[in-house]
Every structure is written in C-alpha cells, then in structure tokens.
Amino acid sequence: QVQLVESGGGLVQAGGSLRLSCAASGRTFSSYAMGWFRQAPGKEREFVGGISWSGTSTSYADSAKGRFTISRDNSANSVYLQMNSLKPEDTAVYYCAARPVSWVSANHYDYNYWGQGIQVTVSS
C-alpha cells in the first residue's frame with residue numbers, strides 16, 4: 001500500500017515556473033515507477049511524464065518535453081515535477097501515481113495508487 005500526497009501547486013503567470021512534489025508513504029517507494037498526470041475541466045486525464053523506480057529513465061508527453069523535468073529522491077520517498085515556461089493550457093489538476101514495476105506507462109489504468117491531486121493555474 002502506498003499513499004501519495006502532492007504539494008506545490010498554485011497560481012502562476014504564463015512563462016513562470018512551479019515545482020510539484022509528491023510524498024509517498026511506505027518503505028518500498030523505490031519499487032515503484034512514478035507518473036505525473038493532469039486533468040483539465042471537461043478533458044480526460046492525460047499523461048505528463050514519469051520516472052522509473054531507479055530514476056535512471058524518464059518519459060514525457062510531447063507537451064512536456066523541453067519544459068518539464070521529473071526527478072525522484074528514493075531516500076526521501078519523493079518525486080518531483082519541475083515545470084518551466086508554463087502556459088495557460090497547462091492549467092489542470094495534477095496527480096502523481098505509482099505502479100509496482102520498474103518502468104513507466106503513459107496509460108493511467110496501469111497505475112495502482114494515486115494522490116488526491118493539486119491545482120495548477122497558469123494565467124495569461
């Protein structure tokens with residue numbers, strides 16, 4: 001069982017940056033690949049990016065490439081999403097998710113555990 005709690009969201013102007021954190025409970029955090037997803041009003045949940053359980057492999061959606069960076073600190077049971085050059089279309093509720101395998105999946109059905117989500121709003 002893994003419990004996930006996101007933090008760091010908020011309101012930012014276009015072009016600004018935010019860093020989301022996701023803190024995980026449990027002793028086996030390093031056994032989970034982690035993903036970040038987002039969901040805007042009226043839209044389906046979409047993959048933003050993810051990181052393997054070792055942290056050696058990352059994967060990003062095209063919309064995130066070059067602007068977002070995912071990292072993790074297994075000693076701190078945490079994963080991070082650094083978001084730069086934010087755009088109004090990045091406005092959404094952001095979720096972190098965990099799956100008990102080494103590799104990342106872009107499909108939200110493949111994740112077993114989810115955080116409660118955190119709002120990110122980018123103003124124009």
Side-chain angles (χ1 to χ4, degrees):
Q1 187 81 9
V2 176
Q3 293 183 325
L4 304 172
V5 179
E6 301 96 340
S7 61
L11 173 65
V12 64
Q13 288 189 330
S17 299
L18 278 177
R19 186 190 193 215
L20 303 185
S21 298
C22 174
S25 65
R27 297 173 293 175
T28 59
F29 177 70
S30 59
S31 299
Y32 291 82
M34 301 297 295
W36 283 98
F37 292 79
R38 67 187 183 186
Q39 188 165 18
K43 295 188 177 182
E44 292 189 355
R45 190 166 298 191
E46 66 173 357
F47 177 71
V48 175
I51 189 165
S52 63
W53 63 17
S54 65
T56 57
S57 177
T58 55
S59 177
Y60 297 94
D62 287 343
S63 59
K65 287 178 182 176
R67 299 188 301 129
F68 295 1
T69 303
I70 295 172
S71 60
R72 67 188 295 163
D73 182 347
N74 285 345
S75 66
N77 280 11
S78 294
V79 63
Y80 309 98
L81 177 63
Q82 177 68 44
M83 302 185 292
N84 299 328
S85 302
L86 283 161
K87 306 174 182 179
E89 51 263 44
D90 294 317
T91 295
V93 176
Y94 283 70
Y95 300 87
C96 67
R99 61 192 302 254
V101 296
S102 63
W103 61 93
V104 173
S105 170
N107 189 335
H108 64 91
Y109 293 109
D110 289 333
Y111 289 80
N112 302 71
Y113 304 102
W114 291 84
Q116 82 285 355
I118 193 161
Q119 179 69 45
V120 170
T121 303
V122 184
S123 63
S124 57

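The chain is numbered in sequence order, starting from 1. Both backbone and side-chain heavy atoms feed into the values below; hydrogens, waters and symmetry mates do not.
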Subject >> T56 (side chain) donor-acceptor with S54 (main chain) under 3.5 angstrom >> reply: no
Subject >> Salt-bridge present (K65, D62; N to O < 4.0 Å) >> reply: yes
Subject >> E46 side chain to R38 backbone, donor-acceptor under 3.5 Å >> reply: no
Subject >> salt bridge (Lys or Arg N to Asp or Glu O under 4.0 Å) pairs, two or more places apart, involving residues 105-118 >> reply: none
Original post:
Would a 4.5 Å heavy-atom cut-off, applied to side chains only, mark I70 and R72 as touching?
Top reply: no
Subject >> 4.5 Å side-chain heavy-atom contact, S123 and L11 >> reply: yes
Original post:
Are Y113 and V79 linked, directly or through other ILVMFWY residues, by side chains that come within less than 4.5 angstrom of each other?
Top reply: yes
Subject >> Same cluster (ILVMFWY, side-chain, under 4.5 Å), Y94 and I51 >> reply: yes
Original post:
Do Y95 and L86 share a hydrophobic cluster (ILVMFWY, side-chain heavy atoms under 4.5 Å, transitive)?
Top reply: no
**OP:** Measure the spacing between CZ of F37 and SG of C96 and express it to the nearest 0.5 Å.
**Re:** 10.5 Å
Original post:
Under 4.5 Å between any side-chain heavy atoms of D73 and Y80, yes or no?
Top reply: yes
Original post:
Is it the case that one hydrophobic cluster holds both Y60 and V48, taking links as side-chain heavy atoms less than 4.5 Å apart, direct or via other members?
Top reply: yes
Original post:
Atom CD1 of I118 and atom CG of L81: how far apart are they, to the nearest 0.5 Å?
Top reply: 11.0 Å
**OP:** Hey, could you give me the OG/CD distance between S124 and Q13, rounded to the nearest 0.5 Å?
**Re:** 9.5 Å
**OP:** Taking the side chain as every heavy atom from C-beta outward, state whether S78 and S21 have any atom pair closer than 4.5 Å.
**Re:** no
Original post:
Minimum heavy-atom separation for A24 to V2, with atom names?
Top reply: CB-CG1, 4.1 Å
Subject >> C22 vs W36 side-chain heavy atoms within contact, under 4.5 Å >> reply: yes
**OP:** Evaluate the side-chain proximity of M83 to L20: yes if any heavy-atom separation is below 4.5 Å, no if none is.
**Re:** yes
Original post:
Short question: side chain of D90, backbone of A14 - any donor-acceptor pair under 3.5 Å?
Top reply: no
Subject >> Separation of F47 CZ from N107 CG (nearest 0.5 Å) >> reply: 10.5 Å
**OP:** Output, in order, the C-alpha distance, side-chain angles, deciding distance and verdict of side-chain contact (heavy atoms from CB on, under 4.5 Å) for W53 and S102.
**Re:** CA-CA 5 Å; W53 63 17; S102 63; 3.0 Å; yes
Subject >> Pairwise distance CG(N112) to CD(Q1) - rounded to 0.5 angstrom >> reply: 9.5 Å
Original post:
Counting only N and O atoms by type, is there a donor-acceptor contact under 3.5 Å from the side chain of Q39 to the main-chain atoms of A92?
Top reply: no
Original post:
If we ignore angles and hydrogens, is there a donor and acceptor under 3.5 Å between the side chains of R99 and Y111?
Top reply: no
Subject >> Over 12 non-hydrogen atoms of neighbours within 6.0 angstrom of CD in E89 >> reply: yes
Original post:
Counting only N and O atoms by type, is there a donor-acceptor contact under 3.5 Å from the side chain of T91 to the main-chain atoms of V122?
Top reply: yes
Original post:
Which atom names give the shortest non-hydrogen contact between S59 and V104, and what distance separates them?
Top reply: CB-CG1, 4.4 Å
**OP:** Indicate, with yes or no, if W114 and Y32 share a hydrophobic cluster defined by side-chain heavy-atom contacts under 4.5 Å among Ile, Leu, Val, Met, Phe, Trp and Tyr.
**Re:** no
Subject >> Spacing of CZ belonging to R67 relative to OG belonging to S85, to within rounding of 0.5 Å >> reply: 7.0 Å
